[in-house]
Amino acid sequence: MSNDMRLESVQKKEDREPLVRVRNLTKYFDDDASLLDRLFGEEPSTVRAVDGIDMDIYEGETLGLVGESGCGKSTAGETILHLQEPTDGTVAFAGTDLAARESFTEFRRQAQIVFQDPFSSLDPRMTVGQSIRQPLEIHDWKNPTERRERAAELMEQVGLSASELDRYPGEFSGGQRQRIGIARALALDPDFIVLDEPTSALDVSVQAQVLNLLAELQSEFDLTYLFISHDLGVIRHICDRIAVMYLGEIVEVAPAEELFSNPQHPYTEALLQSVPRVDLDEREREIEPLSGDVPSPRDPPSGCRFRTRCPKVIPPDNVDLSQEQFRAVMDVRDRIENRTVGLEQLREQLGDGEAAEASISDEAVAERLYDRLVEVELPSADRARLQRAMTALADEQWSDAADQLREQYETVCETDSPTGTRAACHLREE
């Protein structure tokens, strides 16, 4: 299908009610408090794996869900299917809220999943025929003879031989096992399938075969897919629309070709920069890797969650700094607020023995702190502000130092959560 035809198809689908409508879907995991935590009265921490996502999936389309490992993609897919119980939010399938259903039996017939690892998703003690027939038996589908015929038919449809039904998973390759997993997902003739990184454990040549098979099956059976992956090349090949996820939130949604040609969110831009290029003209292109580490989902940043790594964070109106300079100031602020500045080690390096350490002035410590923490040249006014904060820090006035910098350099990216239907970014809110 050409890019124009795909875009037109997406626009027509969006004029209808979605098959799957997700609103404010949330999934938290509470860590059990350890004995020490209970002794010291500390509360167990909460992992905010999926934190209020909205998503529409239209009949017959493939919606891609992408993001770095650990961003919550797989948990989102499992929670949509209610394999994980949602902490909050709603999932409606074919217009009916799943929470309002008395039984999930019918929904389980209509919605299935293909898991990431083809080696652990099949029971090694069951033949592949038994694995494929198991959903039919659970839902009391027809009689044993027809179930076996259905399993044989599915084996042929996924490119395997019906004569292999009585073999065990260990006798098949990874690509063949994934085909068996797809056959099992198709057994009850579902309308909707969550594909949780179905090709990530496979060789490249086998990936292409499985992707082509999924496309053929979608066309033949009018299936709707949620395709979860971190591989943007695969996502571009198979998906109609793409949702980009970061640290439990959806930050951008767009038709596939539009997202690749005109990304709106800085995180999406960074992801696309990391995609290998075949074109030799781009072999000398500069790639700017994201700075910093992914924050913990136990304590995500306030405001925009991407702000701690964003190359386009918005300075306050009264601050005239380049992005590199402002990012350097923000990094210093974060280290002070998180108390990860080694004051004691610095004093030890400046002095020799306890008496010498005690005689070192706060101004000398502050000057050395500035040289160590600030790696860019700043205007004189900003340099003076940071040096005053360093002086307070040298006196171990951590809160005072952090407050000084927050008062001058606090950004809208940390105070307000961005909104937007195309991209959740303060740069795009207008």
Side-chain angles (χ1 to χ4, degrees), residues 17-33 43-58 63-102 104 107-108 111 113 115-116 192-197 224-230 241-253 265 267-268 294-309 413-426 429:
E17 282 296 309
L19 177 67
V20 181
R21 182 185 293 275
V22 177
R23 291 294 178 270
N24 193 37
L25 187 66
T26 302
K27 180 59 183 178
Y28 293 170
F29 296 96
D30 292 327
D31 285 348
D32 294 331
E43 294 294 326
S45 60
T46 299
V47 178
R48 301 166 69 172
V50 179
D51 204 7
I53 65 172
D54 294 341
M55 187 186 301
D56 289 332
I57 308 174
Y58 295 90
L63 175 67
L65 184 60
V66 302
E68 293 170 288
S69 296
C71 71
K73 305 184 299 296
S74 294
T75 303
E78 293 175 5
T79 308
I80 287 171
L81 293 179
H82 277 241
L83 299 177
Q84 301 271 8
E85 189 65 27
T87 304
D88 198 4
T90 62
V91 178
F93 183 81
T96 302
D97 187 347
L98 294 184
R101 291 175 180 248
E102 295 182 0
F104 280 94
F107 175 66
R108 296 285 179 236
I113 185 169
F115 294 99
Q116 176 178 355
F192 173 56
I193 300 180
V194 173
L195 302 165
D196 186 7
E197 304 216 33
T224 302
Y225 291 151
L226 173 62
F227 194 101
I228 299 169
S229 180
H230 63 271
R241 290 187 304 129
I242 300 173
V244 182
M245 196 168 184
Y246 182 77
L247 206 59
E249 296 183 338
I250 300 291
V251 298
E252 183 166 3
V253 182
H265 198 281
Y267 178 61
T268 309
V294 180
S296 170
R298 288 181 172 84
D299 186 25
S302 61
C304 175
R305 293 190 175 179
F306 186 55
R307 66 175 174 81
T308 58
R309 305 170 71 201
C413 296
E414 62 185 296
T415 59
D416 299 337
S417 295
T419 59
T421 55
R422 173 69 161 82
C425 177
H426 290 297
E429 286 182 341

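Computed from heavy atoms alone, side chains included, the values below leave out hydrogens, waters and symmetry copies. For the single chain, residues carry numbers from 1 onward in sequence order.
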ask   = Rounded to the nearest 0.5 Å, how far does CD1 of Ile250 lie from CD1 of Ile53?
value = 5.0 Å
Exam field: side chain Asp416 to backbone Gly303, donor-acceptor pair closer than 3.5 Å = no
request  = Decide side-chain contact (heavy atoms from CB on, under 4.5 Å) for Val294 and Arg309; before the verdict, give the C-alpha distance in whole Å, the side-chain angles of both, and the deciding distance to 0.1 Å.
outcome  = CA-CA 8 Å; Val294 180; Arg309 305 170 71 201; 3.2 Å; yes
inquiry  = Using a strict threshold of under 4.0 Å (side-chain N to carboxylate O), is an ion pair present between Arg23 and Asp88?
reply    = no
ask   = Can you find a side-chain donor-acceptor pair between Asp97 and Thr90 that sits under 3.5 Å?
value = no
key: Mutual orientation of the aromatic rings belonging to Phe306 and Tyr246 [parallel < 30°, tilted 30-60°, perpendicular > 60°]   = perpendicular
key: No-hydrogen, no-angle side-chain donor-acceptor test under 3.5 Å, Thr46 and Asp30   = yes
task = Walk me through it: do Leu226 and Phe192 pass the test side-chain contact (heavy atoms from CB on, under 4.5 Å)?
result = CA-CA 8 Å; Leu226 173 62; Phe192 173 56; 3.9 Å; yes
request  = Heavy atoms only: give me the nearest Ile242-Leu63 pair and the separation to one decimal.
outcome  = N-CD1, 4.1 Å
query = Would you call Val244 and His265 a side-chain contact if the rule is heavy atoms closer than 4.5 Å?
reply = no
inquiry  = Looking at Glu68, is its backbone amide N or carbonyl O close enough to the side chain of Lys73 to form a donor-acceptor pair, meaning the two atoms are under 3.5 Å apart?
reply    = yes
ask   = Atom CD of Gln116 and atom CD1 of Ile228: how far apart are they, to the nearest 0.5 Å?
value = 9.5 Å
ask   = Within the distance-only criterion (no hydrogens, no angle test), does the side chain of Thr26 pair as donor or acceptor with the backbone N or O of Asn24 below 3.5 angstrom?
value = yes
task = Go through Leu19 and Phe93 one step at a time and tell me if the side-chain contact (heavy atoms from CB on, under 4.5 Å) criterion holds.
result = CA-CA 6 Å; Leu19 177 67; Phe93 183 81; 3.9 Å; yes
remark   = Rounding to 0.5 Å, atoms CZ (Arg241) and CD1 (Ile57) come to a distance of 8.0 Å
request  = Test Leu247 against every option in Pro295, Cys71, Ser296 by the side chain to side chain contact (heavy atoms under 4.5 Å, CB included) rule and name the one that passes.
outcome  = Pro295
task = Determine yes or no for a side-chain-to-main-chain donor-acceptor pair under 3.5 angstrom, with Ser302 supplying the side chain and Thr415 the backbone.
result = no
request  = Show your reasoning for whether side-chain contact (heavy atoms from CB on, under 4.5 Å) applies to Thr224 and Val20.
outcome  = CA-CA 9 Å; Thr224 302; Val20 181; 5.8 Å; no
inquiry  = Looking at Leu81, is its backbone amide N or carbonyl O close enough to the side chain of Arg108 to form a donor-acceptor pair, meaning the two atoms are under 3.5 Å apart?
reply    = yes
query = How far does CG of Leu83 sit from CG of Asp196, to the nearest 0.5 angstrom?
reply = 10.5 Å
key: Closest approach of Pro300 to Arg48 (non-hydrogen atoms, all atoms of both residues)   = CG-NH1, 3.8 Å
Heavy-atom pair of closest approach, residues Tyr267 and Met245 = CE2-O, 3.5 Å
request  = Identify the heavy atoms of Ala76 and Leu25 that sit nearest to each other, and give their distance.
outcome  = O-CD2, 4.3 Å
ask   = Donor-acceptor pair, Thr87 side chain versus Tyr28 backbone, under 3.5 Å?
value = yes
request  = Any chance you could measure Thr79, atom OG1, to Lys27, atom NZ, to the nearest 0.5 Å?
outcome  = 6.0 Å
ask   = For His230 and Gly67, which heavy atoms make the closest approach, and how far apart are they?
value = CB-O, 3.5 Å
remark   = When rounded to the nearest 0.5 Å, the distance separating NE2 of His82 from CZ of Phe104 is 5.0 Å
